[in-house]
Q: 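The structure's right below; bear with me while I get my questions together.
Sequence lines set the chain letters: A, B, ... in the order given, protein chains first and strands last, and positions in each chain run from 1.
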Number of protein chains: 2
Amino acid sequence: MQRRKRLLDTEAILDAALAGIDATGRLTMAGLAARLGVSASSIYHHFSGRTAIVEALRERMATAIDPPPLDGSDWGEQVGRWMRGYRRALAAHPALIPLLNEQTMTAGSVLLGYERIAVLLRGNGVPLREVVLWISVLDCYALGAALDLAAPDEVWRPERDDLPTLGDAITAAPRGRERADEAFDVGLDALLTGLRGRLTPPLAAGPPARRAAPGR
Amino acid sequence: MQRRKRLLDTEAILDAALAGIDATGRLTMAGLAARLGVSASSIYHHFSGRTAIVEALRERMATAIDPPPLDGSDWGEQVGRWMRGYRRALAAHPALIPLLNEQTMTAGSVLLGYERIAVLLRGNGVPLREVVLWISVLDCYALGAALDLAAPDEVWRPERDDLPTLGDAITAAPRGRERADEAFDVGLDALLTGLRGRLTPPLAAGPPARRAAPGR
DNA sequence: ACCTGAACACCGTTCAAGT
DNA sequence: ACCTGAACACCGTTCAAGT
């Protein structure tokens, strides 16, 4: 009889954790242990604790997102593609989103996307000081959209009769996942158009018109 | 000696809960009871449980937001003002935000704001079917901005050396609360400009120019 | 009607003990 | 090196018992 077989490894633990989150919406050490058929304390030989598991799941999720390729195509297209990819990766496991939101991000993969976006913005004339502001805006929107994705189907249930317009609008609009998808696209377009508008201020406005573009 | 004085009432409980959240960032029944100088089980005579307390705090927070007045002024201005008010109310107690986010909203006060916004959008030509999409977008952005507000001062800490542009941008940008405030305004402006652009499509662009505006 | 203490089921984490 | 059972400190909630 050979040496006792290894019962656990990090991959198996992460698989079980994600499966459990998808199935139950929660992650408890006891539940995870039961799902793995081991004792709860065994898990601590592979992860320092619950938060480390969640952080590893964030990293795994992030590898599914292609960072902007910096291939010379339009920056708005690239940012838009990345944001959509980010959201798609989150949408694959909506129940994971609240867990990700309850602890600060330390994973590197998402940061690479933001680095690429910083390069794009700089290359298109966004002042260095403002780059972080723009990224913050994108991050806020992505985070909010992720929360929206994790929310129950009926987000607002107007119980009162004195909200007639909202009620009509809700019945006329798509519901559930479809509503979230369409809203995300509408908002992302609006955001990018608005930001693009800040880039090239109206030709005959603003005090210093020092940055005239002679080429083209 | 008169009849034993009432030790607890809902207002005192909510005051203590909010003070405790501001001070510690958490809300536990035991901690709340200690702060009130009573037993934990006493609280259940005034609230059905912890979630009911959080929901009452949401309602209290919401009363600090003035809904759009529908006074005939520009819709973008009104929506912008309301979004800023919403965020200001949240910013007064940032530690409350994660607690609000972990349970679905059932409070009515925020819904009144959305009803007013629905009226504004309809009155300015947004198709009924799209009203909910626009409101979803605003809601996503407000939610994300709230999360950003609750996040620690340093949101992204690029530990690696291969993120030079992001690192430079971070050192050049404002930090902490100031960064969050400026970013919120930049994004809100961009969002509203972008949405406004959808309302009146570019005069000489897009395939069908069927909706030409003769005036002007 | 309001408050209490004890109890319950459930968390994450630690650690001495086994193999 | 890896796994276990028992224990610990801490959750939210319930309930019979007091006044």
Q: Quick check for you: among C:dC3, C:dG12, D:dT4, whose closest atom lies nearest to any side-chain atom of A:M29?
A: C:dG12
Q: First locate atom CD1 of A:I117, then atom CG of A:L111, and finally report the distance between them rounded to the nearest 0.5 Å.
A: 11.0 Å
Q: Output the rounded distance in Å from CD1 (A:I53) to P (C:dT13).
A: 8 Å
Q: Assess B:R196 against B:W75: is NZ or CZ under 6.0 Å from the centre of the six-membered ring, and within 45 degrees of the ring's axis?
A: yes
Q: Let me know the distance between CG of B:D9 and C1' of C:dC3, rounded to the nearest Å.
A: 14 Å
Q: Would you find a donor on one side and an acceptor on the other, under 3.5 Å apart, between the side chain of A:N124 and the backbone of A:L120?
A: yes
Q: Of all the nucleotides listed (D:dT4, C:dG5, D:dT13), which has the minimum atom distance to the side chain of B:S39?
A: C:dG5
Q: Using whole Å, report how far CG of A:L7 lies from P of C:dT19.
A: 15 Å
Q: Select one nucleotide: of C:dG5, D:dG12, C:dT13, the one nearest the side-chain heavy atoms of B:R50.
A: D:dG12
Q: Does the gap between the ring centers of B:W134 and B:Y114 come in under 6.0 Å?
A: no
Q: Would a distance-only check, ignoring hydrogens and angles, find a side-chain to backbone donor-acceptor pair under 3.5 Å from B:E115 to A:T165?
A: yes
Q: Check the distance between D:dT13's C1' and B:L32's CG and give it to me in whole angstrom.
A: 14 Å
Q: For A:H45 and C:dA16, give me the distance from atom NE2 to atom P, rounded to whole Å.
A: 12 Å
Q: Please work out if B:L27 contacts a base, only the sugar-phosphate, or nothing of the nucleic acid, heavy-atom cut-off 4.0 Å.
A: sugar-phosphate
Q: At under 4.0 Å between heavy atoms, what does B:T28 touch on the DNA or RNA strands: base, sugar-phosphate, or nothing?
A: sugar-phosphate
Q: Reckon B:R6 has a side-chain N or O less than 4.0 Å from the OP1 or OP2 of C:dC3?
A: no
Q: With respect to the side chain of B:Y44, which nucleotide from D:dT13, C:dT4, C:dT13 is positioned closest?
A: D:dT13
Q: Round to the nearest Å and state the distance from B:L99 atom CG to D:dC11 atom P.
A: 14 Å
Q: Respond yes when some side-chain nitrogen or oxygen of A:S42 is under 4.0 Å from OP1 or OP2 of D:dT4, and no when none is.
A: yes
Q: Where each pair must be Watson-Crick or G-U wobble with both distances under 3.5 Å, what dot-bracket representation of DNA chain C is obtained, with crossing pairs in [ ] and other-strand partners as |?
A: ||.|||||...|||||.||
Q: For A:L18 and A:M61, what are the C-alpha separation, side-chain angles and deciding distance, and is it a side chain to side chain contact (heavy atoms under 4.5 Å, CB included)?
A: CA-CA 10 Å; A:L18 197 52; A:M61 179 273 301; over 6 Å; no
Q: Mark yes or no for whether B:Q78, through its side chain, and B:S73, through its backbone, hold a donor-acceptor pair below 3.5 Å.
A: yes
Q: Taking CZ from A:F47 and C1' from D:dC3, how many angstroms apart are they, rounded to a whole number?
A: 17 Å
Q: What is the distance, to the nearest angstrom, from the NE2 atom on B:H46 to the C1' atom on C:dT4?
A: 14 Å
